[in-house]
S.K.: 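The structure is given below, and queries will be raised subsequently.
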Number of protein chains: 4
Amino acid sequence: MDVGFVGLGSMGHHMVANLLKAGHTVRVWNRSRGPVDAAVALGARRVERVAEAFAGDAVLSMLADDAAVRAVIVDQQGLARAPRGLVHVNLATISVQLAQELVALHREHGIASVAAPVFGRPDVARAAKLNIVAAGEATAIDRVQPLLDAIGQKTWRFGDEAPRANAVKLAGNFMIAAAIESMAEAAAMVGGYGVSASALLELMTGTLFNAPVYNTYAALIASDRYEPPGFKLHLGLKDIRLAFAAGEGVTTPMPIAGVVRDALLEAMAHGDSELDWAALAKVAQRRAGRAS
Amino acid sequence: MDVGFVGLGSMGHHMVANLLKAGHTVRVWNRSRGPVDAAVALGARRVERVAEAFAGDAVLSMLADDAAVRAVIVDQQGLARAPRGLVHVNLATISVQLAQELVALHREHGIASVAAPVFGRPDVARAAKLNIVAAGEATAIDRVQPLLDAIGQKTWRFGDEAPRANAVKLAGNFMIAAAIESMAEAAAMVGGYGVSASALLELMTGTLFNAPVYNTYAALIASDRYEPPGFKLHLGLKDIRLAFAAGEGVTTPMPIAGVVRDALLEAMAHGDSELDWAALAKVAQRRAGRAS
Amino acid sequence: MDVGFVGLGSMGHHMVANLLKAGHTVRVWNRSRGPVDAAVALGARRVERVAEAFAGDAVLSMLADDAAVRAVIVDQQGLARAPRGLVHVNLATISVQLAQELVALHREHGIASVAAPVFGRPDVARAAKLNIVAAGEATAIDRVQPLLDAIGQKTWRFGDEAPRANAVKLAGNFMIAAAIESMAEAAAMVGGYGVSASALLELMTGTLFNAPVYNTYAALIASDRYEPPGFKLHLGLKDIRLAFAAGEGVTTPMPIAGVVRDALLEAMAHGDSELDWAALAKVAQRRAGRAS
Amino acid sequence: MDVGFVGLGSMGHHMVANLLKAGHTVRVWNRSRGPVDAAVALGARRVERVAEAFAGDAVLSMLADDAAVRAVIVDQQGLARAPRGLVHVNLATISVQLAQELVALHREHGIASVAAPVFGRPDVARAAKLNIVAAGEATAIDRVQPLLDAIGQKTWRFGDEAPRANAVKLAGNFMIAAAIESMAEAAAMVGGYGVSASALLELMTGTLFNAPVYNTYAALIASDRYEPPGFKLHLGLKDIRLAFAAGEGVTTPMPIAGVVRDALLEAMAHGDSELDWAALAKVAQRRAGRAS
């Protein structure tokens, strides 16, 4: 297929590589030049303006956040000259509110829109093992399924209203944060009795909590090492804020999200914004008077 | 070995059966008579007074809570005539505070004490697949290890201070409650956007959260069925209260425990005490105005 | 003085009346026509465009929220043709973030800006008894002090950075919400023991809590009547959201704000958006299984 | 009247002085001797055993907490030989649960019991200006009313079930804690924008929050001085724990109590147990990275 790709961050780069590997033609656009050069080196074609990426069979975008999506897609009028029938796959983790606006905007321009945020970090993206949460018109998803298959291990479909995929993605990130915070509090408590985080979490992940999320973050907490970050704490706060807002949008209180938010803010207040968000464990220790 | 066993509830019954199966001699005591008859039918020997169970090589007790342990072990002076050197294995989930008292009490009577609370429900106990969290003097644990091997799949040792095992057990139950509550809130939020709990949790347990705890409780929440209870909600509140108190004992705030506690109380206020504690999901729905 | 006034809601109307009473000349602008007619009837002069209000010695604006301020002041370019040296007094309760943007915007246009949000409901505004929280350049505040004196009983100055006044106003509204929520929880608890909210609150407001805020809201809670609303619950949620954001802006967790936010959302989920925000008391009752 | 008085702490001492001043005969008992000597110097009569205080027309007790009440009244069998018809006035702040037990215990012994916890610190007790929260049989309260009048400025009656007075007292202390915590959070937030706690609280207590509780604690927070303590932080935690338990007793969630509890624990973890509980303000500052 002939596809455009917008947003060549650490995730987008690997996605483009996998699309090329699968035999697709990829036109790439990125705000800064370096990542474009890197993609071109892999066989992608450079385009100078966003609008040129919105052409061909489909365009995928993997932008950082709401602001980037607004700047690139909405303000630069990426959609303005897009051919009717083009499918736009938005891979970014954005707010449900923006997702709802995008639905209306795409409809205006006669473009099919698919929300397809992903679970997985850059190494998972490189291995084409992402889990993709997709929503949008079934026919549109069907058309881009070969593209999704090229970058992920499985596509989980959530019906034809695109914002649902964004809500699900935010719910998932919230669950991850809750898992980290609960490990942090549990470790702080047993620590008061002389049990190491490592001993507690080896038990828990060896039994009831033997799942990827727990294994990943338990290892960080057990070793008390939060650099290099797999997912930066201040980005975690951004996602919790979006989950909160998603809850507000449907008048749903999420008290654990409030707890996590306060802890993330406290971590930032102590200079840990750039650490992995497993550094929530430091907050729990500090509150208990056992500051690391 | 020649062992006493005190407390023949749904867990204790299976433990006795497995001890007998492994070839041990078991003297049993229980407050009510029915469970004793059942154990005797399997080959156990009945004793009339608690003190008679505290004899032989070791005694195991599996009592319901702090009050039962106080009533049976402390007030009925189970330890009073126990032979020096006897090992008492306390399998119950009790408060760290009571565990600390028991250490002193056992020391006074020259009895070795091992705290060995377990993870696993009755069906796991029947299959002798419990995970046992043990702490106490290493030599004492070594001596009862054959007994622990007869009832569990693995013994996780946490050093020679018995109360540590209780702290770890409470931390584990807290983590389970936090997992349930986070699923409940996530499901309530996506529900507002038309995504079913079932669809969300199938994704999460199929990927990042593929762990026994999540699989078990996601199934209950997805089907919105909380009867028959695997673990009753009001017992969950009791354990969260103990985790709270364990945190207080070492001045460790546990804000998620507070959130869970409030939600459990709210469930009880609405008549759901006897449901499985996965009924926290109903609380999240009710708060969002989507009462089941 | 010769002043413009923008925003003739229930607060603005009384402010204009008091400015006129004090002998000032007032040019008025409002999005809808009715309120303008009413002000003209009192002696004000109608202007057709916002920009015409931004003239003379000073302009005061009393708009509903961030969106209204953006729409009227920023987007309609109220400031574009304003004479250098004009003082703009922003009386609205807005976010600290927008207040910071406005500082930059005013500086660009060479206009002095004073933030002067007020405490007091419409009846207080009518009586010219508002408490005014002012910040901005001292010379600018000095110049408009006669205007502030005409509408309020006292001006509390918070230095020369305008956004400080907005932070203080939001902190105050947060404190009010916390007071309501604490009364709600206390009343729910004693209610379980058969003590009426009325009896509890008569004691508390008759002794330690004999303050306007407690007296006002205790009366509503004691009578369980939340209509007509003095301050609508959904506007309360908006202000708590702004307080939250103000906290985030300086990495300051505000856990009570989180509790209040969840309770307000829950009230809205049960259809109480348009009630007075003292209806938080209904949420506390409902959670305790004693739904009104 | 001929009365006994048990418990001569800093509150009890002043109460006895005021009872003597009003012309009553007072037999005093205290665990330690010093306070008894001091009371005797004022005209009281010493008794050697608690039971001797439980004689005459009435006995008042002002003990520190549940443990002291259990030790002195329950375990030492203060009630055992008390004359039928004696009225026992329990002035202490105790748990609702213990209050309920005491009702049954008094009934067994044919003694009338009145719960009468008080609001006011030692200086208020000295001035005989306490606010007394009384519950119990009306005839019993009527009989001791002259005694209550001698020590307090007003008796607020809450019906004939004694534990109600204890629930109300705990609700009041909870409201005080909530007021402190909300000032702490508000001050931390505006502090981030350069506004001093002092400036914020001068405004708030000068307007909407002009009440004794706010004035008292705002002064401590504004000056950032928490010694000498008016009410020690760890005693505050004890009372919040009792309020929590009172809520649990009637399945009433109290989320703000959870927030306050966590903050008090955190203060204790940082060595502030003996400070005034207004030191909650230090916790809010520390969380925001502005540790004092």
Side-chain angles (χ1 to χ4, degrees), chain A residues 96 119 131 133 154 156 158-159 161 163-164 167-168 170-172 174-176 178-179 181-183 185-195 199-200 202-214 243 246-247 249-259 262-263 284 287-289, chain B residues 96 119 131 133 154 156 158-159 161 163-164 167-168 170-172 174-176 178-179 181-183 185-195 199-200 202-214 243 246-247 249-259 262-263 284 287-289:
Chain A
V96 176
F119 284 106
N131 276 288
V133 181
K154 182 161 177 180
W156 303 76
F158 283 85
E161 293 182 30
R164 288 185 180 177
V168 167
L170 294 173
F174 157 72
M175 283 176 62
I176 296 170
E181 172 68 15
S182 71
M183 283 190 273
E185 295 184 15
M189 187 267 270
V190 300
Y193 294 99
V195 176
L200 171 72
E202 188 192 343
L203 163 65
M204 301 314 297
T205 57
T207 56
L208 297 168
F209 290 88
N210 187 357
V213 157
Y214 283 85
V250 288
T251 56
T252 302
M254 298 179 74
I256 286 190
V259 167
D262 286 340
R287 288 174 176 170
Chain B
V96 176
F119 283 107
N131 277 288
V133 182
K154 180 160 180 182
W156 304 76
F158 282 86
E161 293 182 32
R164 287 184 181 177
V168 167
L170 295 172
F174 158 72
M175 283 176 61
I176 297 171
E181 173 68 14
S182 70
M183 283 190 274
E185 296 183 15
M189 186 266 270
V190 301
Y193 293 99
V195 176
L200 171 72
E202 187 192 343
L203 162 66
M204 301 315 296
T205 57
T207 56
L208 297 169
F209 290 88
N210 186 359
V213 157
Y214 282 84
V250 288
T251 56
T252 301
M254 298 179 74
I256 286 191
V259 167
D262 286 340
R287 289 175 176 169

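None of these values were measured; they are calculated from a predicted model.
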S.K.: So for B:Met204, is it side chain, backbone, both, or neither that comes closer than 4.5 Å to the heavy atoms of chain A?
M.R.: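 Side chain only.
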S.K.: In chain order, what residues pass the side-chain hydrogen bond (donor to acceptor under 3.5 Å, both in side chains) check against B:Tyr193, with sequence neighbours excluded?
M.R.: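 side-chain hydrogen bond (donor to acceptor under 3.5 Å, both in side chains) list for B:Tyr193, sorted by chain: empty.
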S.K.: Would you mind telling me which of B:Val133, B:Asp262, B:Leu200 has the largest number of heavy-atom pairs within less than 4.5 Å of chain A?
M.R.: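 Between B:Val133, B:Asp262, B:Leu200, the count favours B:Leu200.
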S.K.: Could you give the distance from CG (A:Leu203) to CZ (B:Phe158), rounded to the nearest 0.5 Å?
M.R.: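 So the CG of A:Leu203 and the CZ of B:Phe158 are separated by 4.5 Å.
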S.K.: What closest approach, in Å, do B:Pro253 and A:Arg287 show between heavy atoms, and which atom pair accounts for it?
M.R.: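 Where B:Pro253 meets A:Arg287 most closely, the heavy atoms are CD-O, 3.9 Å.
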S.K.: Suppose we screen for ring pair (Phe, Tyr, Trp, His ring centres under 6.0 Å). Which residues come up paired with A:Tyr214, at least two apart in sequence or across chains?
M.R.: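 Counting only residues at least two positions away or on another chain, A:Tyr214 forms a ring pair (Phe, Tyr, Trp, His ring centres under 6.0 Å) with A:Phe209, B:Tyr214.
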S.K.: Name the member of B:Gly289, B:Gly194, B:Pro255 that forms the most heavy-atom pairs with chain A at distances under 4.5 Å.
M.R.: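 Most pairs with chain A among the choices: B:Pro255.
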S.K.: Do the side chain of B:Glu181 and the main chain of A:Ile256 share a donor and acceptor less than 3.5 angstrom apart?
M.R.: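 No, B:Glu181 side chain to A:Ile256 backbone: no donor-acceptor pair under 3.5 Å.
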S.K.: Checking B:Val168 against chain A: side chain, backbone, both or neither under 4.5 Å from a heavy atom?
M.R.: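 When you check distances to chain A, atoms from both the backbone and side chain of B:Val168 fall under 4.5 Å.
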S.K.: So what's closer than 4.5 Å to chain A heavy atoms on B:Pro163: side chain, backbone, both or neither?
M.R.: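 Interface part for B:Pro163: neither.
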S.K.: Output, in order, the C-alpha distance, side-chain angles, deciding distance and verdict of side chain to side chain contact (heavy atoms under 4.5 Å, CB included) for B:Met175 and A:Leu208.
M.R.: CA-CA 10 Å; B:Met175 283 176 61; A:Leu208 297 168; over 6 Å; no
S.K.: How far apart are the closest heavy atoms of A:Met189 and B:Val250, and which atoms are they?
M.R.: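 Closest heavy-atom pair between A:Met189 and B:Val250: O-CG2, 3.7 Å.
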S.K.: Who among B:Gly192, B:Ala187, B:Gly258 has the most heavy-atom pairs with chain A under 4.5 Å?
M.R.: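 Going by pairs under 4.5 Å, I would pick B:Gly192.
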